Trainee: 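Structure provided below as structure tokens; questions to follow.
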2 protein chains.
Amino acid sequence: MTDVTDPDRARLYEELALESRRYLAAYVLFNQAVADHLGLHPTDVQCLSLLTAEPAPLTVRQIADRTGLTTGSATRLVDRLERGGYVTRTPDRQDRRRVLVTPVPERLARVTALWDDLGQTWQTLLDDHSEDELRAITRHLRRAHDLGHTQVQRLRAMPRPD
Amino acid sequence: MTDVTDPDRARLYEELALESRRYLAAYVLFNQAVADHLGLHPTDVQCLSLLTAEPAPLTVRQIADRTGLTTGSATRLVDRLERGGYVTRTPDRQDRRRVLVTPVPERLARVTALWDDLGQTWQTLLDDHSEDELRAITRHLRRAHDLGHTQVQRLRAMPRPD
DNA sequence: CCAAACTCACTGCGCGACGCAGTAACTTGC
DNA sequence: GCAAGTTACTGCGTCGCGCAGTGAGTTTGG
């Protein structure tokens, strides 16, 4: 079993925590750089990432939830993307209150091309990991994602300290 | 050696890429939630994270570089943090143009307490990873961070497509 | 030495993303 | 079939941010 009091292990935890912070800080800068390069805002890039990752088109509310924006701001966000030609609005036939936001592939080609280019280099990082290591990394990311989700819930439920 | 054409391996790459995107998306929401909870902005929280991670106080320019802001915006950022009592400005004796930004530990106590609380739960994720796995994860994060850094340089050097 | 060139932090100014509150269209539940 | 809830949208005000310029301070070259 894992001994939590093991000093070597504690050191590994600390290193991993530090690298995580650096990694996340680098991601923020990276996302900003991608947005600047495309003449968009980081939020817009984030939204396009969400839309392309999902198989089905999202509603405005779903976009709002997944970006942390209000529905009002999400409307403006979709306005910008629509004006830029990145997405189209389609009314939902099932629920006529809803609006489906569909990405426009040909307009997104340049964006995805950039992602693919950057992602290709990124994949070379993985080449000298064993399959077990890759599984371990993936598992950690998934569980960290899930935890982050529940932590957000907790934070929103906690009373504001002021 | 690793066979890059291995379909199993390609599948692992794809999974890892997807989990990374989800993980990073969750982080953005998490950081936002922390900021909301403290009555600060995500950028401010990011800056406090930078300051506490560093052993020595940073200058305004260093903060600007590490957050991706201009020096002007960094000045306003430090203004907000100083007004909130999170940091103090100290003139640099070596170079009298520079201003050193020092975090105020007692004011940051609440922030770090929140981080520690959330980090404690986070550490339990690591408890059922072997030491080798932890090293693999840490290594991947570090290399991804380094790559992100060089990619930002590349992006800034690339001409804007428009 | 001293003047030009550079760097640092800071300051108006304008833009625009965002939250808030209210509205209309539509759906669901009692 | 009416009330309550949901969805997307719209003024309005706030404020973080980039841009361009300023002065203090430092470095460099003749």
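In what follows, every chain begins at residue 1, and chains take the letters A, B, ... in the order their sequences are listed. These figures come from a predicted structure and were not determined experimentally.
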Trainee: Using whole Å, report how far CZ of B/Arg96 lies from P of C/dC8.
Mentor: 16 Å
Trainee: Could you tell me how far apart B/Leu77 (CG) and C/dA9 (P) are, to the nearest whole angstrom?
Mentor: 13 Å
Trainee: Roughly how many Å is it from CZ in B/Arg83 to C1' in D/dG16, rounded to a whole number?
Mentor: 12 Å
Trainee: Would you tell me whether A/Tyr13 and B/Asp127 have side-chain atoms, one donor and one acceptor, within less than 3.5 Å of each other?
Mentor: yes
Trainee: For nucleotides 2-11 of chain D, read 5' to 3', which letter fits each nucleotide if B means a protein heavy atom sits under 4.0 Å from the base, S means only the sugar-phosphate is that close, and - means neither?
Mentor: ---BBSSBBB
Trainee: C/dC18, OP1 or OP2 - any side-chain N/O from A/Arg80 closer than 4.0 Å?
Mentor: yes
Trainee: I want to check one thing: is the phosphate of D/dC19, taken as OP1 and OP2, less than 4.0 Å away from some side-chain N or O of B/Thr70?
Mentor: no
Trainee: Over the length of the helix from C/dC1-D/dG30 to C/dC30-D/dG1, how much do the five-pair end axes diverge, rounded to 10 degrees?
Mentor: 30°
Trainee: Return the value, rounded to whole Å, for the distance between atom NE2 of A/His41 and atom P of D/dG16.
Mentor: 17 Å
Trainee: If only side-chain N and O atoms count, and only distance matters, is there a donor-acceptor pair under 3.5 Å linking B/Thr121 with B/Thr124?
Mentor: no
Trainee: Calculate, to the nearest 0.5 Å, the distance between atoms CG and CG belonging to A/Leu134 and B/Asp8 respectively.
Mentor: 11.5 Å
Trainee: Can you check the B/Leu40 CG to D/dG16 C1' distance for me, whole Å?
Mentor: 14 Å
Trainee: Using whole Å, report how far CG of B/Leu58 lies from P of C/dA9.
Mentor: 11 Å
Trainee: In whole Å, I'd like the distance from the CD atom of B/Gln94 to the P atom of C/dC8.
Mentor: 15 Å
Trainee: With a 4.0 Å cut-off, would you call B/Arg11 and B/Glu14 a salt bridge?
Mentor: no
Trainee: Assess whether atom CD of A/Gln153 is packed by more than 12 heavy atoms of other residues, nucleotides or ligands within 6.0 Å.
Mentor: yes
Trainee: Rounded off to whole Å, could you give me the CG-to-C1' distance for the B/Asp44 and D/dC17 pair?
Mentor: 12 Å
Trainee: Regarding B/Thr52 and A/Arg21, is there a side-chain donor-to-acceptor distance under 3.5 Å anywhere?
Mentor: yes
Trainee: Could you label the plane-to-plane angle of the B/His140 and A/His129 rings as parallel, tilted or perpendicular, counting under 30° as parallel and over 60° as perpendicular?
Mentor: perpendicular
Trainee: Taking only Lys NZ, Arg NE, NH1 and NH2, and the carboxylate oxygens of Asp or Glu, determine whether A/Arg139 and A/Asp132 approach each other closer than 4.0 Å.
Mentor: no
